[in-house]
Amino acid sequence: SFNGILSGFLSSIEQIETVKRLITEFSTPDTKIIIDPVMGDHGRLYSVYTKEMCDDMKKPVLMIVIPVYNEESVLPLTAPRFLQVLQRMVGEGMIDPTSRVLFVNDGSRDSTWSLIRTLTQQDGRFSGISLSRNRGHQNALLAGLMYARERCDITVSIDCDGQDDEGAMVEMVRKYL
């Protein structure tokens, strides 16, 4: 069986025909060959992987960034929904299991920050940061993105109020992949 990675510059018809033969020879309903073309200095560089090899590769880490301000009434309802979307993407092999939901408290005056701290203690997939005072939605989002940039490969932002379609996050990640 085909267990290696074929990488190299394909500049001749003969080399291209070799890749086509490999695809034909080793593609089955259970095993697919994936060709990843990248432009190189001297033409196209192709890497050929089996589906199994791709499944073994490290998945991207996602952080869902959610700015919150005085959301004590909706946070207990929406937080589990965000976690379900995260679990779904992990289960489908789209993202790494270390992916997280990040709440950014924008100086809430109610018990929002206390709820976020409780969520983070109950489930390590939740995390939170709190701004010292209300800075506005866009600044809270920016603070979350700045925090996330060194900790993940993909960020998606969504409002906490449950008005947005959480399924859209799955489609965004699919398009990224």
Side-chain angles (χ1 to χ4, degrees), residues 5 7 34-40 45 47 49-177:
I5 299 175
S7 292
I34 298 165
I35 300 179
D36 182 20
V38 179
M39 287 305 292
L45 170 68
S47 295
Y49 309 93
T50 64
K51 182 181 180 305
E52 290 76 20
M53 291 166 71
C54 290
D55 290 344
D56 289 341
M57 292 180 185
K58 181 166 176 9
K59 305 291 186 230
V61 175
L62 168 68
M63 192 167 288
I64 301 171
V65 179
I66 307 168
V68 294
Y69 179 72
N70 292 340
E71 301 285 359
E72 70 181 2
S73 62
V74 297
L75 191 56
L77 303 172
T78 57
R81 290 173 28 198
F82 298 131
L83 193 57
Q84 286 174 344
V85 173
L86 193 73
Q87 288 173 311
R88 174 182 165 197
M89 288 188 277
V90 169
E92 292 179 12
M94 295 172 64
I95 59 173
D96 191 88
T98 62
S99 297
R100 299 280 178 267
V101 175
L102 172 66
F103 294 104
V104 182
N105 181 40
D106 188 19
S108 297
R109 296 176 185 228
D110 62 4
S111 65
T112 297
W113 180 239
S114 176
L115 288 170
I116 292 169
R117 287 194 331 235
T118 300
L119 286 169
T120 62
Q121 292 167 357
Q122 292 173 346
D123 194 315
R125 294 170 292 183
F126 288 120
S127 58
I129 59 174
S130 186
L131 304 182
S132 62
R133 63 183 177 88
N134 181 257
R135 302 274 187 179
H137 183 272
Q138 293 303 315
N139 286 320
L141 176 59
L142 180 60
L145 293 173
M146 295 298 289
Y147 175 87
R149 74 179 182 174
E150 299 296 323
R151 293 168 175 85
C152 66
D153 303 305
I154 310 170
T155 57
V156 174
S157 67
I158 192 167
D159 288 344
C160 186
D161 60 11
Q163 297 293 316
D164 297 321
D165 175 17
E166 293 102 4
M169 291 187 289
V170 177
E171 291 308 312
M172 288 180 200
V173 171
R174 272 200 185 103
K175 293 205 183 282
Y176 170 84
L177 299 174

Flag, side chain of D159 to backbone of D161, donor-acceptor distance under 3.5 Å: no
Looking only at heavy atoms, what is the nearest atom pair of C160 and I66, with distance? CB-CG2, 3.6 Å
Return the set of residues passing side chain to side chain contact (heavy atoms under 4.5 Å, CB included) with R88 (not counting sequence neighbours), or none when no residue passes. E92, V170, R174
Give me each pair satisfying salt bridge (charged side-chain N to carboxylate O under 4.0 Å, His left out) with a member in residues 102-126, each pair once, sequence neighbours excluded. D123-R125
Distance (rounded to the nearest 0.5 Å) between T78 OG1 and E71 CD: 7.0 Å
Looking at side-chain heavy atoms only, is the closest gap between L75 and L119 below 4.5 Å? yes
Nearest 0.5 Å please: distance from the NE2 atom of H137 over to the CG atom of L141. 6.0 Å
Any idea which heavy atoms bring L177 and M94 closest together, and the distance? CD1-O, 3.7 Å
Might you point out which heavy atoms bring I158 and D165 nearest each other, and give the distance in Å? CD1-O, 4.4 Å
Look at the side chain of R81 and the backbone N and O of G162, then say whether any donor-acceptor pair between them is shorter than 3.5 Å. yes
Nearest heavy-atom neighbours spanning V173 and M89: CG2-SD, 3.7 Å
Rounded to the nearest 0.5 Å, how far apart are CD of E166 and CG of L83? 11.5 Å
Within this structure, what is the CG-CZ distance for the pair L102 and F82, rounded to the nearest 0.5 Å? 12.0 Å
Flag, side chain of S99 to backbone of M63, donor-acceptor distance under 3.5 Å: no
For a quick test of your reading: what N or O donor-acceptor pairs under 3.5 Å do the side chains of residues 144-156 make, sequence neighbours left out?
{"unit_1": "R151", "atom_1": "NH1", "unit_2": "Y147", "atom_2": "O", "d": "2.5"}
{"unit_1": "D153", "atom_1": "OD2", "unit_2": "V61", "atom_2": "N", "d": "2.8"}

Considering non-hydrogen atoms only, spot the tightest contact between F103 and A79 and give its length. CZ-CB, 3.9 Å
Check I116 against G128 and note the closest heavy-atom contact, atom names and distance. CG2-CA, 3.9 Å
Using 0.5 Å steps for rounding, measure from the CH2 atom of W113 to the OG1 atom of T118. 10.5 Å
